[in-house]
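The analysis underlying the following values was restricted to heavy atoms, covering all of them including side chains, and did not include hydrogens, waters or symmetry mates. Chain A is the first sequence line, chain B the second, and so forth, proteins listed ahead of strands; every chain is numbered from 1.
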Amino acid sequence: MRISELARTTGASARSLRYYEQLGFISPERRSNGYRDYDESAVATVRTIKTLLDLGLPSALIEQILPCTRGKKVEDQCPAIVDQVVALRDDMDSRARDLLRTRDALTESLTRIGR
DNA sequence: GTTCTTACA
DNA sequence: TGTAAGTA
(Lines give C-alpha, C1' and ligand atoms only; values in the text may rest on other atoms or scores of the structure.)
Protein backbone atom coordinates (compact mmCIF):
# COMPACT_ATOMS: atom_id res chain seq x y z
CA MET A 1 0.00 0.00 0.00
CA ARG A 2 1.09 3.57 -0.51
CA ILE A 3 1.99 5.99 2.26
CA SER A 4 -1.37 7.75 2.37
CA GLU A 5 -3.21 4.50 2.97
CA LEU A 6 -0.87 3.41 5.74
CA ALA A 7 -1.23 6.87 7.25
CA ARG A 8 -5.01 6.55 7.17
CA THR A 9 -5.13 3.09 8.71
CA THR A 10 -2.60 3.77 11.45
CA GLY A 11 -3.35 7.38 12.25
CA ALA A 12 0.29 8.30 11.81
CA SER A 13 1.04 11.19 9.46
CA ALA A 14 2.91 10.52 6.23
CA ARG A 15 5.59 12.76 7.72
CA SER A 16 5.94 10.46 10.72
CA LEU A 17 5.99 7.38 8.52
CA ARG A 18 8.95 8.76 6.58
CA TYR A 19 10.60 9.69 9.86
CA TYR A 20 10.19 6.18 11.24
CA GLU A 21 11.90 4.93 8.12
CA GLN A 22 14.78 7.34 8.71
CA LEU A 23 15.14 5.89 12.18
CA GLY A 24 15.26 2.44 10.65
CA PHE A 25 11.98 1.28 12.20
CA ILE A 26 10.42 0.34 8.87
CA SER A 27 11.87 -0.40 5.44
CA PRO A 28 9.23 -0.13 2.71
CA GLU A 29 9.96 -1.25 -0.84
CA ARG A 30 10.05 1.28 -3.65
CA ARG A 31 7.83 1.21 -6.69
CA SER A 32 9.17 2.03 -10.12
CA ASN A 33 7.87 5.57 -9.73
CA GLY A 34 9.80 6.02 -6.52
CA TYR A 35 6.73 5.75 -4.28
CA ARG A 36 7.11 3.81 -1.06
CA ASP A 37 5.27 0.47 -1.03
CA TYR A 38 4.31 -0.88 2.39
CA ASP A 39 3.22 -4.44 3.07
CA GLU A 40 0.44 -5.39 5.50
CA SER A 41 2.89 -6.05 8.33
CA ALA A 42 3.74 -2.37 8.35
CA VAL A 43 0.35 -1.62 9.90
CA ALA A 44 1.13 -3.62 13.04
CA THR A 45 4.67 -2.31 13.19
CA VAL A 46 3.58 1.31 13.01
CA ARG A 47 0.98 0.75 15.70
CA THR A 48 3.66 -0.71 17.93
CA ILE A 49 5.93 2.24 17.25
CA LYS A 50 3.20 4.71 18.12
CA THR A 51 2.38 2.90 21.35
CA LEU A 52 6.00 2.73 22.47
CA LEU A 53 6.60 6.36 21.55
CA ASP A 54 3.52 7.38 23.54
CA LEU A 55 4.88 5.49 26.52
CA GLY A 56 7.94 7.66 26.27
CA LEU A 57 10.43 5.00 25.27
CA PRO A 58 13.53 6.41 23.57
CA SER A 59 13.87 5.53 19.89
CA ALA A 60 17.11 3.73 20.64
CA LEU A 61 15.21 1.28 22.82
CA ILE A 62 12.31 0.97 20.40
CA GLU A 63 14.82 0.04 17.74
CA GLN A 64 15.86 -2.95 19.86
CA ILE A 65 12.35 -3.94 20.79
CA LEU A 66 10.79 -3.99 17.31
CA PRO A 67 12.67 -7.10 16.13
CA CYS A 68 11.28 -8.89 19.19
CA THR A 69 7.62 -8.15 18.52
CA ARG A 70 7.08 -10.96 16.04
CA GLY A 71 5.87 -13.57 18.52
CA LYS A 72 3.72 -12.96 21.55
CA LYS A 73 5.89 -12.04 24.49
CA VAL A 74 8.78 -9.66 23.96
CA GLU A 75 10.34 -10.75 27.25
CA ASP A 76 10.61 -14.33 26.02
CA GLN A 77 12.43 -13.45 22.81
CA CYS A 78 14.58 -10.63 24.12
CA PRO A 79 15.13 -10.94 27.90
CA ALA A 80 17.73 -8.17 27.78
CA ILE A 81 15.00 -5.70 26.89
CA VAL A 82 13.38 -6.06 30.28
CA ASP A 83 16.52 -4.85 32.04
CA GLN A 84 16.54 -1.73 29.92
CA VAL A 85 12.89 -1.03 30.61
CA VAL A 86 13.54 -1.42 34.33
CA ALA A 87 16.45 0.99 34.03
CA LEU A 88 14.19 3.42 32.18
CA ARG A 89 11.54 3.16 34.90
CA ASP A 90 14.12 3.78 37.61
CA ASP A 91 15.45 6.78 35.72
CA MET A 92 11.91 8.16 35.45
CA ASP A 93 11.59 7.75 39.22
CA SER A 94 14.80 9.62 39.76
CA ARG A 95 13.79 12.49 37.53
CA ALA A 96 10.35 12.64 39.11
CA ARG A 97 11.91 13.02 42.57
CA ASP A 98 14.19 15.79 41.34
CA LEU A 99 11.25 17.58 39.78
CA LEU A 100 9.26 17.28 42.98
CA ARG A 101 12.22 18.60 44.99
CA THR A 102 12.52 21.60 42.68
CA ARG A 103 8.81 22.24 42.82
CA ASP A 104 8.84 22.22 46.62
CA ALA A 105 11.80 24.58 46.73
CA LEU A 106 9.91 26.89 44.39
CA THR A 107 6.78 26.74 46.54
CA GLU A 108 8.90 27.53 49.60
CA SER A 109 10.42 30.60 47.96
CA LEU A 110 7.08 31.79 46.67
CA THR A 111 5.52 31.40 50.10
CA ARG A 112 8.13 33.78 51.57
CA ILE A 113 7.02 36.55 49.24
CA GLY A 114 3.39 35.84 49.87
CA ARG A 115 2.53 34.03 46.67
C1' DG B 1 -3.73 14.13 -8.14
C1' DT B 2 -0.15 11.85 -5.16
C1' DT B 3 4.40 11.32 -3.53
C1' DC B 4 9.31 12.56 -3.14
C1' DT B 5 13.16 15.32 -1.07
C1' DT B 6 14.82 19.22 1.22
C1' DA B 7 14.49 22.78 4.28
C1' DC B 8 12.50 26.07 7.50
C1' DA B 9 9.64 27.38 11.66
C1' DT C 1 6.02 17.49 13.40
C1' DG C 2 3.56 20.53 9.87
C1' DT C 3 4.11 22.83 5.75
C1' DA C 4 6.00 24.98 1.49
C1' DA C 5 8.56 24.48 -2.80
C1' DG C 6 9.67 22.30 -7.08
C1' DT C 7 9.57 17.58 -9.25
C1' DA C 8 8.53 13.18 -11.24
Inset, instruction - Go through the steps to decide whether A/E21 and A/R36 satisfy the test salt bridge (charged side-chain N to carboxylate O under 4.0 Å, His left out), and finish with yes or no. - result: CA-CA 10 Å; A/E21 183 181 346; A/R36 268 165 266 251; 2.8 Å; yes
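To the nearest 0.5 angstrom, A/L55 atom CG is 10.5 Å from A/L61 atom CG. The structure places CG of A/D83 at 12.5 Å from CG of A/L88, a figure rounded to the nearest 0.5 Å. To the nearest 0.5 Å, atoms OG1 (A/T69) and CD1 (A/I62) are separated by 11.0 Å.
A/T51 and A/T48 share no donor-acceptor pair across their side chains, judged by distance under 3.5 Å alone.
Among all heavy-atom pairs drawn from A/L52 and A/I65, the shortest one is CD2-CG2, 4.1 Å. Across every non-hydrogen atom of A/I81 and A/Q64, the tightest pair is CD1-CB, 3.8 Å. Pairing each heavy atom of A/Y20 with each of A/K50, the nearest pair is OH-CG, 3.9 Å. The shortest heavy-atom contact between A/Q77 and A/C68 is NE2-O, 3.2 Å.
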Inset, instruction - Would you sketch DNA chain B in dot-bracket for me? Only Watson-Crick or G-U wobble pairs with both distances under 3.5 Å count, crossing pairs as [ ], other-strand pairs as |, the rest as dots. - result: .|.|||||.
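Heavy-atom distances under 4.0 Å link DNA chain C to A/S13, A/R15, A/S16 of residues 1-24 of chain A, given in residue order. Within residues 42-61 of chain A, no residue has any heavy atom under 4.0 Å from DNA chain C. Looking at residues 26-34 of chain A, you'll see A/R30, A/G34 sit with a heavy atom under 4.0 Å from some atom of DNA chain B.
In this structure, A/S109 contributes its side chain and A/A105 its backbone to a donor-acceptor pair below 3.5 Å.
Under the rule for a side-chain hydrogen bond (donor to acceptor under 3.5 Å, both in side chains), A/D37 has no partner lying at least two apart in sequence or in another chain. A/R95 is linked by a salt bridge (charged side-chain N to carboxylate O under 4.0 Å, His left out) to A/D91, counting only residues two or more places apart in sequence or in another chain.
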